[in-house]
Each structure stands twice: as structure tokens, then as C-alpha cells.
There are 2 protein chains.
Amino acid sequence: MSHVRYRRLMAVDRDHVLRSAAALLTRKSTATMDEVARAAGISRATLHRQFAGRDALVRALEALGIAECEAALAAARTDEGSATDALRRLVAAIEPHAPLLAFLYTENQLFEGEEQNEGWAAIDERIAALFRRGQSSGEFRIDLTPAWLTEALYGLLASAAWAVAEGRVAPKDFTHMIVELLLGGVRRPEEPASRKES
Amino acid sequence: MSHVRYRRLMAVDRDHVLRSAAALLTRKSTATMDEVARAAGISRATLHRQFAGRDALVRALEALGIAECEAALAAARTDEGSATDALRRLVAAIEPHAPLLAFLYTENQLFEGEEQNEGWAAIDERIAALFRRGQSSGEFRIDLTPAWLTEALYGLLASAAWAVAEGRVAPKDFTHMIVELLLGGVRRPEEPASRKES
DNA sequence: CGCACGTGAGACATCTTTGTCTCATTCGGG
DNA sequence: CCCGAATGAGACAAAGATGTCTCACGTGCG
């Protein structure tokens, strides 16, 4: 029943621990509970008091990632304006959370049989809906399925996050790189005035 | 059963073990040595006799992946013809090895500090050179760096491999999905005859 | 002041995986 | 027919991670 009042020493606020864990696990996905605890500046015992085990921690991180994705989707207002602009807004909104997303994306790959959090299904659907909307409006090509485009967006986000983390590309180009590649591809657009050859 | 004549019982040919391990680890990257051995149809003892440890196994898989990438690069003749066609050939040549590549790609992310096999650097360079060539020839846009395009190609290959493995997209669309997205992006090309609006 | 609560430190047993070893078996070849 | 080589089965210890527990400390609050 306790909420906020006597909140002075119970500290170690869960949110700070989660974000520290996200930052660490993003870089080293095999970090131990002890490393996670040290990264958050708390003891392993305290970490265990907040998250029953490693599974609980990962599931909490998953919930955090889902919440941040949903917040990004809401902030980007993906059903307003052109699908192109909506996609730009979406990537820009997700950018700060890309490292965590990259961690969760690969983490999900090794769950093999187990069903994944249903929260992802809802997010997948909202992103796929954005691509579908773009296809319906004629902005997007229709020979690539929304499911694949959604998957590709995740893949590009993860790739970009890693490339930035390892210094292979500049952080400031993050959104531009993803959005431009996803929207226009690598092929150079033919200039309307002077066209070269088909 | 042995294609080699000078040693009939040395069997358990290393290649079969490697490919079994690749197939298993692609689906479950945390599989134990015992699971890998069973998947290859041999005992853990024999597996250990061929690969000193898990590290040695992963390094052997890395070498296999590198060899297959180099073979794909050679088969695609990436320095002949248009960069666009070369990219199509390259993706088509890599397609069969995409699951292994996806495994190695994520495996490399958690090496944190340790230097990665220098073989990858050579492959990265050859792929980046293809993108550079396309930029020089005017086929590709120049506002996306070859380093990012190379990274994006890896990401799309991995995403597609997973999406196919989990049944989210059709296997037969593999090459088309990747090449088309990478080359043209999702934006619908404007028709030369009737243009809508910019 | 003294109590209560959350924390850090660390001991501890358990579990999993790994790496090494031994031994019996099988199979082909001399 | 017998020998050598490779394998499978399994025991074994070591290492690492996890989960649980106890205890002492310090700080806020009554």
C-alpha cells in the first residue's frame, strides 16, 4: 500500500537501475547480475530485492522498451500527415532508445520456442499499419510487405545503434541514415530536369 | 561412408559437424556443447576432440562464414558490370549463408573489447568498395557512407534471415526483399509519364 | 536517543556448463 | 584372426552464475 510518502531511503529507484542495466546490457549482453548491480551502483543483494532474478530483470527491460516504443509511436503521431513524414518522426522519436531496442531485438531471437511478450505484437502492428497506410496512399511501393518493412526497420535500427556504439558511423547521422535508406534506398534518384539513362 | 581414402575411420567429417552447429546455433545461439554434439549426431567427447572448446568452435564457424562470404563475393564478381547488378548478384550469392551470417553478426556484438577476426575487415572493405564504386559511377547516392551501407546490408541480411526462420516472411522473397529495399527504398518511384506531386 | 528499515558485504549451497579423463566397444585393415 | 584407431558413454573436478540467507551498518524518523 505504500506509495510515495515514506520514500526517502528506499531509493535505488527502480528506474535508475533499469536504465543502467539497459546501458550495460546493450554493450555486453552477457553481463552478470553482479556487473549489472555494480553498473547501477548498488549491491547484488539489492538488485535481487528489486528483480527476483535475471529473467525478471530482462522482462522488466522488455516492458521498458515496449513502453518507450509506444511512447515514440504516440509522439510521432504515425497516423497524421504523410506516411513519409510520419516515418521520419517515428525514427527520430525512437532514436534515443535504439540501443535498448537492439538488445531486446537480438535477445528475442534466442527465445526459440517461448512466446514473446504480446506487447511487441501490438507495436509491430502499429508500425506495419503505418507502412500499409503509405502503400494505400500511393506513397510507398506495394511489392514489399508491411511485415518485411517492419522487420527491416528493426534491423536497421539495431545495425545503426551498433555501428554508432562501435564508432563506425557518426551518431549525429543516425536518423538521417536510417530514414533515407529506408525511404529512398541507395540508388541515386534520377533528376527530373536532366535525366541520364534508365 | 568416407570419401577420403587414406583414413577411413577419421570420419565425423569436420565439415558436417560445422554445418550442423551452424544450423543449430543459428536458431538457438546459447546452445550448449552437448546440444551441438547431439545435433551433429556425435558424442560430446568426439566434438571436443575436434574443437578444443566452445571458443574454438565459434572461431571455426567464423572462419567458415568468412570463407563463404569471400566465395560469395568472388562468385558475384562485384567489380564487374553495374554496381546495381553486382549488388543483386552479391545478395543472391550470400542468401544461402544468411542464417550463419546472422548468428556471427550478433555474436560479434558481444565481444565488446576483443578484436574481431581480421577476415571481416577484408570483407567489409570489399563490400564498402562496391558501394563506393556505385557512388563514383553515379548509380548510388553519395550522402550515405559506404560504411553505413555495408552495416545496413548486414542488418538487413540478419533481419531477413530471422524473419524467414520465424515464418514472418516467405523464404522465396528473400533476395528480392533485401535488394529492392536496399536499392530503391520504400518510397514509390515516381512514374516518368504521369507524375503526381513532389 | 533508540528504533526500524533499507542497504552492503559476504557466506553458502546449488545448478549449469565446461574441459579432461578413463574404459569398453566397434570396425576396418594387415 | 588380431590389432589399432576412433568413437560413445559416462565419471569427475573446476569454474562461473544464480538464488538465498545472515549480519552489521547507517540514516531518517518518532
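The shown structure was predicted, so the numbers you read here are calculated from the model rather than taken from an experiment.
The separation between B/His16 atom NE2 and D/dT7 atom C1' is 15 Å, rounded to whole Å. When the C1' atom of D/dG19 is taken as reference, atom CD of A/Gln50 falls 16 Å away, rounded to whole Å. Protein atom CZ of A/Arg49 is 8 Å distant from nucleotide atom C1' of C/dG8, rounded to whole Å. Rounded to whole Å, atom P of D/dA17 lies 15 Å from atom CG of A/Leu57. Between B/Leu47 atom CG and D/dG10 atom P the separation is 17 Å, expressed in whole Å.
With sequence neighbours left out, B/Thr84 forms a side-chain hydrogen bond (donor to acceptor under 3.5 Å, both in side chains) with B/Glu139. The side-chain contact (heavy atoms from CB on, under 4.5 Å) test applied to A/Asp79 returns no partner, not counting sequence neighbours. Annotation: side-chain hydrogen bond (donor to acceptor under 3.5 Å, both in side chains) contacts of A/Thr175 (sequence neighbours excluded): A/Glu95. Every residue meeting the side-chain hydrogen bond (donor to acceptor under 3.5 Å, both in side chains) condition with B/Ser82, not counting sequence neighbours, appears here in chain and number order: B/Asp85.
Applying the ring-ring contact (aromatic ring centres under 6.0 Å, His included) definition to pairs two or more places apart or across chains, those involving residues 121-160 of chain B are B/Tyr105-B/Tyr154. Residue pairs meeting the salt bridge (charged side-chain N to carboxylate O under 4.0 Å, His left out) criterion with at least one partner in residues 167-182 of chain B, sequence neighbours excluded, are A/Arg141-B/Glu180, A/Glu151-B/Arg168, B/Arg88-B/Glu180, B/Glu166-B/Arg168.
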With a cut-off of 3.5 Å and sequence neighbours excluded, list every side-chain donor-acceptor pair involving residues 68-77 of chain A.
unit_1  : atom_1 : unit_2  : atom_2 : d
A/Glu68 : OE1    : A/His97 : ND1    : 3.3
A/Glu68 : OE2    : A/Arg19 : NH1    : 2.9
A/Glu68 : OE2    : A/Arg19 : NH2    : 3.4
A/Glu68 : OE2    : A/His97 : ND1    : 3.4
A/Arg77 : NE     : A/Glu80 : OE1    : 3.0

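Residue B/Arg133 qualifies as enclosed at atom CZ: its count of foreign heavy atoms under 6.0 Å is above 12.
Axis angle across the helix from C/dC1-D/dG30 to C/dG30-D/dC1, with five pairs used at each end and values rounded to 10°: 0°.
Between A/Thr46 and C/dT7 there is no side-chain N or O to OP1 or OP2 distance below 4.0 Å.
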Quick test: give all pairs of protein nitrogen or oxygen and nucleotides 17-19 of chain C nitrogen or oxygen below 3.5 Å, distance rounded to 0.1 Å.
unit_1 : atom_1 : unit_2  : atom_2 : d
C/dT18 : OP1    : B/Arg54 : NH1    : 3.4
C/dT18 : OP2    : B/Met33 : N      : 3.0
C/dG19 : OP2    : B/Arg54 : N      : 3.2
C/dG19 : N7     : B/Arg44 : NH1    : 3.0
C/dG19 : O6     : B/Arg44 : NH2    : 2.9

